[in-house]
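Take a look at the structure set out below.
Numbering of ligands and ligand atoms starts at 1, following listing order. Residues take their numbers from the sequence shown, with the count starting at 1.
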Amino acid sequence: MGSSFLSDRVNSIEISGIRKFSNKVSKYPDAISLTLGQPDFNVPEKIKKAMIDAINSNKTTYTTNAGIVELRQEISRYLKSMGILYTEDEICLTVGGSEGLMSVFSALINPGDKVLIPNPSYPAYESCVKLLGGSILNYKFNEDYSIDFDYLEDLIKKENPKIMVLCYPCNPTGAVLSRNDRDKLHDIIDKNNVLVISDEIYASLCFEDEYYSMAQFDDIKDKVIVVSGFSKMFSMTGLRIGYVCAKNDIMSGIVKSHAYNVTCTSSIAQWGAYAGLRSCLSNVEYMKREFIKRRDFVYNELINMGFKTNLPKGAFYIFPSIKKFSLSSEEFCERLLKETRVAVVPGSAFGSGGEGYIRISYAYSMDELRESLHRIKKLL
Ligand code: PMP
């Protein structure tokens, strides 16, 4: 029985299905795990050196709440190269994308406020909204991962939501925002009183030539917030550095909730990310090329085995359908783990729209990918 001290809201959420499954995997020491969103590259050397230098020169005190201006200026420059314009005053450095998301939601949600959340999607959105007393509305996708606009527009008309969350490149499907969907969304956001929270933590891993974001429109800029970070970009998940971009008034609210939550993020990680943006973009390009090779390998193997799946266009996940096996995604993953010692995440961990799918992370070495796909083939 749970403790009576716990709040109803905390009792209403569960630990993430991704973590739950990766915890199960630890009971099988010989298993290959393709469960986590952790790139297998080391942090680039120049970032390590910058962090060591920051310690040695005693850059170890609190920074301002929003973080060091040097890094915020570099982020502003970097985003400009993607057609996204924010000044350093419109950027706040956070403890990873996770705290960025929570600080944004905390600054915006009143109890009962309705929030549109993609289904399937990264589980933190729903849990954050529930913790704050918001109410969830799910929108869905077509088979090709484009947004089901008829469903979405109907939902907006009927429910009058306050916020819409977008996640591109997408965890768990690997979809990116197409130009067509971006433009259609623009018209919807323009017409309705809805604020977009655009989670672009995988932006540096977009495999397409053009990158599309809702933050590229000037005329709806006051209705768009970007959450992003360096965990995936520089393979520095444990160093906990991300950022949020928003126009002035909204940013003031976000900085308030961020300040009472964490004061500021680690000064050392801030200097590390600063060196990363200044000197390690070629490392990011290298990682991206490697992920494309792995994506192609995993995609082709799955197709050859008869799985139905779309080619991912970003991030490092693929989301094949397992519907033809007539097992729930949880049962499929349990069997895969027990019988072949390969761990992947049940699609149901990402919401009801993920049932009938599995998420394979290909942020693992080619050897691990080759061996695990060989085992899956043998099981089938
Ligand atoms: N958004 C998405 C879509 C993610 O997949 C993740 C991490 N898996 C995050 C946010 C949080 O990132 P961070 O590690 O920087 O907190």
With sequence neighbours left out, what residues match Phe307 under ring-ring contact (aromatic ring centres under 6.0 Å, His included)?
Phe325
Run the side-chain donor-acceptor check on residues 126-136: report pairs under 3.5 Å with partners two or more places apart or on a different chain.
unit_1	atom_1	unit_2	atom_2	d
Glu126	OE2	Lys130	NZ	3.4

Would you check if the distance from the ring center of Tyr202 to the ring center of Phe316 is below 6.0 Å?
yes
So, is the end of the Arg370 side chain (NZ or CZ) under 6.0 Å from the ring centre of Phe297 and within 45° of the ring's axis?
yes
Under 3.5 Å, which donor-acceptor pairs do the side chains of residues 240-254 form with other protein atoms, sequence neighbours left out?
unit_1	atom_1	unit_2	atom_2	d
Arg240	NH1	Thr237	O	2.9
Lys247	NZ	Glu90	OE2	2.9
Ser252	OG	Asn248	O	2.9

Could you report the tightest heavy-atom contact between Cys170 and Ala315, atom names first, then the distance?
O-CB, 4.1 Å
Pocket residues around ligand 1 (non-hydrogen, under 4.0 Å) come out as Gly96, Gly97, Ser98, Tyr122, Tyr125, Cys167, Asn171, Asp199, Ile201, Tyr202, Ser231, Lys232, Arg240
